[in-house]
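FYI, side chains are in, hydrogens and waters are out, and symmetry mates aren't considered; it's all heavy atoms of this structure. So that the names make sense, note that chain A is the first sequence line, chain B the second, and so on, each numbered from 1. In this text, all values refer to a predicted model and were calculated from it rather than measured experimentally.
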Number of protein chains: 2
Amino acid sequence: MGRFLGKFDYSVDSKGRVNIPAKFRKALRPEAGDVFVICRAPDGCLRAYPNDLWEQYEAEINSRPETKENSRLKRLIFNSVTDSTLDSQGRITLTPALMAIAGIKKEVVLLGQSRYIEIWEPTRYDEYLGAGEDFDEVFYKSVETMMGNK
Amino acid sequence: MGRFLGKFDYSVDSKGRVNIPAKFRKALRPEAGDVFVICRAPDGCLRAYPNDLWEQYEAEINSRPETKENSRLKRLIFNSVTDSTLDSQGRITLTPALMAIAGIKKEVVLLGQSRYIEIWEPTRYDEYLGAGEDFDEVFYKSVETMMGNK
DNA sequence: CATGCTTCCCCACAATTACCCACAATTACC
DNA sequence: GGTAATTGTGGGTAATTGTGGGGAAGCATG
């Protein structure tokens, strides 16, 4: 319970609304109160955090020393952060600013990442996954050790 | 108890449902809650992990620092992960995406791998076993490698 | 105060999925 | 070896899900 698994392809309607898979809605803890916090993430995608998890993340950021670098990171993050409550059909709404950052137009990929959800523009997503080492290489290099030992 | 042994040939119906051998269902620990997590595995097959085992794996991934490399690994893994609960007849459901990855159409081979189950397309499975070094070679080589490293 | 624009809430509908039942073949058991 | 339970496979139906759009309720603007 409380985990997001699976890849889903959805469309964005003219109002910027994006469906959240029923599976993910069921995985949402009641503490999150049907609220997602959406922010920009590395490699050109967005992340939707359940509200309760975001609060932990926010606390962690605030606890960092206020160096020049941390201040800049904080401003970059908060510049595009938006919270969105699920509507009665189970959708969230993306702001134009968020869509611009991720290059999202009419289609999105939703990627369950266990504790949060990533939102990608489909083409950008395919290019990201296609670049670099392929699955078997990465698997044998990094995963096998751990899976084998436990 | 709690181990999957044996090779089974089953069919995939029009809804993507695949039977799980009664023997495997009995071996499933109650902590798994009749849930399997199915993901892509090396050499063109799939793996079905009992939920409790998968959760250990997931926790380990989540504990890693968010480096560029780890992020990519995480996305590659989660890209093809789906969880499936046994239905009332003891079957799991494969998504079209998973079937495409493994080249599965109408038939599958289920291979008990002690802690998890591998799912293969029959032809691909036979070719994999037939190609490359034979049993004796691999066996002795593997033992020697272990001796050398210890 | 009226007008336009946006935001939210509700309704509608096609497609998909989950749940249930059925049945033949196999296996277990006495 | 015969009978009863279990197992593997298929399909039908009802509920859910994904998607779109309409209309009321705010909020700024002229």
Side-chain angles (χ1 to χ4, degrees), chain A residues 1 4-28 33-38 48 51 80-100 104-112 117-122 125, chain B residues 1 4-28 33-38 48 51 81-100 104-112 117-122:
Chain A
M1 172 162 170
F4 305 111
L5 286 187
K7 170 184 176 276
F8 299 85
D9 299 283
Y10 286 131
S11 57
V12 185
D13 70 16
S14 56
K15 300 177 183 177
R17 294 178 299 190
V18 176
N19 188 60
I20 298 294
K23 220 170 174 185
F24 287 2
R25 300 198 295 257
K26 286 170 186 161
L28 203 56
D34 280 1
V35 174
F36 279 98
V37 177
I38 304 142
N51 192 44
S80 56
V81 153
T82 315
D83 54 347
S84 178
T85 306
L86 289 176
D87 70 13
S88 56
Q89 317 307 312
R91 294 169 291 194
I92 56 173
T93 302
L94 299 182
T95 63
L98 286 170
M99 289 174 65
I104 290 166
K105 294 177 163 183
K106 303 258 78 186
E107 311 286 331
V108 289
V109 170
L110 295 194
L111 186 63
I117 303 164
E118 279 192 352
I119 307 172
W120 289 78
E121 193 280 323
Y125 180 67
Chain B
M1 164 155 172
F4 306 111
L5 289 184
K7 170 181 176 282
F8 299 84
D9 299 282
Y10 285 130
S11 59
V12 186
D13 70 17
S14 57
K15 299 178 182 177
R17 294 179 296 192
V18 175
N19 188 59
I20 297 295
K23 212 174 176 184
F24 287 2
R25 300 199 295 257
K26 286 169 185 161
L28 202 56
D34 279 1
V35 174
F36 280 97
V37 177
I38 305 143
N51 192 44
V81 170
T82 314
D83 54 347
S84 179
T85 306
L86 289 176
D87 69 13
S88 55
Q89 318 305 314
R91 294 169 291 193
I92 56 173
T93 302
L94 299 183
T95 63
L98 287 172
M99 290 173 64
I104 290 167
K105 299 168 94 178
K106 304 258 77 186
E107 311 288 329
V108 290
V109 170
L110 294 195
L111 188 61
I117 303 165
E118 277 192 356
I119 306 172
W120 289 79
E121 193 280 323

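Residues from residues 9-18 of chain B lying near DNA chain C, meaning a heavy-atom separation below 4.0 Å, are B:Lys15, B:Arg17 in numerical order.
C:dC8 atom P lies 13 Å from atom CD1 of A:Ile92, rounded to whole Å. Nucleotide C:dT26 holds its P atom 18 Å from the NZ atom of B:Lys23, rounded to whole Å. Whole-Å rounding puts the A:Gln89 CD to C:dC11 P distance at 10 Å. In this structure, the CG atom of B:Asp34 is 13 Å from the P atom of C:dC19, given to the nearest Å. Rounded to an integer number of Å, the gap from A:Leu86 CG to C:dT7 C1' is 16 Å.
Between the CG atom of B:Asp87 and the CG atom of B:Asp34 there is a distance of 10.0 Å, given to the nearest 0.5 Å.
Between A:Phe8 and A:Phe24, the angle of the ring planes goes over 60°, which puts this pair in the perpendicular group of the 30/60° scheme.
When atom types are taken as modelled, the side chain of B:Ser84 and the backbone of B:Thr93 share a donor-acceptor pair closer than 3.5 angstrom. When atom types are taken as modelled, the side chain of B:Thr82 and the backbone of B:Ile38 share no donor-acceptor pair closer than 3.5 angstrom.
Side-chain contact check for A:Phe4 versus A:Leu28: some heavy-atom pair is nearer than 4.5 Å. In this structure, the side chains of B:Ile92 and B:Ile20 come closer than 4.5 Å at one or more pairs of heavy atoms.
Remark: of the listed residues B:Lys105, B:Met99, B:Arg91, B:Arg17, B:Met99 is the sole one forming a side chain to side chain contact (heavy atoms under 4.5 Å, CB included) with B:Val12.
Of the nucleotides present, C:dA25 is the one that pairs with D:dT6 by Watson-Crick or G-U wobble criteria, both distances under 3.5 Å. For D:dG23, the paired base is C:dC8 (Watson-Crick or G-U wobble, both distances below 3.5 Å).
Shown here for A:Arg25 and A:Leu86, the closest heavy-atom pair between the two residues is CD-CD1, 4.1 Å.
Along DNA chain D, the stretch of nucleotides lying under 4.0 Å from any heavy atom of chain B spans, 5' to 3', D:dT7 to D:dG12.
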